[in-house]
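Have a look at the structure below before the remarks.
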Amino acid sequence: YFFGKDVLRVGLIVASELPRDRATILVRLMAAGPLLPQAIADLAALPAGAHERTVAKRILLNMKHALGAKPRPTPEEQEFIVAIYDYWEQARRQGLKEGRAEAAARALLTVLRTRGIAVPKAARAQILAQQDRRCLERWLKRAAVASSLGEVIDEPS
């Protein structure tokens, strides 16, 4: 909502009226209250590398530490602390999954390089972007005996 004109114009955001989408996550986090559980759930649903996660990390840590220092947190505050632990645990698991996939992709690239098989930038990007560890393992097995990149990453028909 906007009030006034020109230089004296003031804007007011009513957090509870914001749409539940990615563009409003950080504002809904800072608004806290009843919007907080949804905002944390929406944050957790974002991709691991989302910039909102990076920004929100400090906000959430500060909130968690402030609430943890209180002698008697309210039930809502205790619920928030539990939600934050759940969020961090989910983020940790996702990070482990992505780390394992990246390690498998790098192992595949090492085998290809060692065997003298050229990997163009587009194929390298495809390999590094692959998150399915079973697919990466299949490619790694093929790379051990392949004579070309096409034999490794092309799916057999």
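- Scanning all heavy atoms of the two residues, the minimum distance from Ser16 to Leu35 falls at N-CD1, 3.7 Å.
- A search for side-chain hydrogen bond (donor to acceptor under 3.5 Å, both in side chains) contacts involving Arg22 returns Glu52, not counting sequence neighbours.
- Atom NZ of Lys5 has 12 or fewer neighbouring heavy atoms from other residues, nucleotides or ligands inside a 6.0 Å radius.
- With respect to Glu137 and Arg133, no salt bridge is recorded, no charged nitrogen being found less than 4.0 Å from a carboxylate O.
- Of the possible polar contacts, none joining the Arg28 side chain to the Leu18 backbone as a donor-acceptor pair under 3.5 Å is found.
- Remark: Arg134 CZ to Arg138 CZ distance equals 9.5 Å, nearest 0.5 Å.
- Atom-to-atom distance recorded for Phe2:CZ and Leu12:CG is 9.5 Å, nearest 0.5 angstrom.
- With hydrogens and angles left out, the side-chain atoms of Glu151 and Ser147 include a donor and acceptor closer than 3.5 Å.
- Remark: Leu26 CG to Asp42 CG distance equals 11.5 Å, nearest 0.5 Å.
- The closest side-chain heavy-atom distance from Leu128 to Leu109 is below 4.5 Å.
- When every heavy atom of Ala56 is checked against every heavy atom of Leu29, the shortest pair comes out as CB-CD1, 3.5 Å.
- The shortest non-hydrogen separation linking Ala143 to Leu108 is CB-CD1, 3.6 Å.
- A distance-only check finds a donor-acceptor pair linking the side chain of Arg53 to the backbone of Pro47 [under 3.5 Å].
- Atom NZ of Lys57 is separated from atom CG of Leu43 by 11.5 Å, given to the nearest 0.5 angstrom.
- Between the side chain of Thr24 and the main chain of Arg20, no donor-acceptor pair closer than 3.5 Å is present.
- Residues Ala101 and Leu136 share a closest heavy-atom pair of O-CD1, 3.4 Å.
- Note that CD of Gln131 and CD of Glu102 are 8.5 Å apart. Values are rounded to the nearest 0.5 Å.
- In this structure, Ile13 places its CD1 atom where only 12 or fewer heavy-atom neighbours from other residues, nucleotides or ligands lie under 6.0 Å away.
- Linking ILVMFWY residues whenever their side-chain heavy atoms come closer than 4.5 Å, directly or via other members, leaves Tyr1 and Val27 in distinct clusters.
- Distance check: Trp139 CH2 to Leu149 CG gives 9.0 Å after rounding to the nearest 0.5 Å.
- Side-chain contact between Val152 and Ile127: absent, with no pair of heavy atoms (C-beta onward) separated by less than 4.5 Å.
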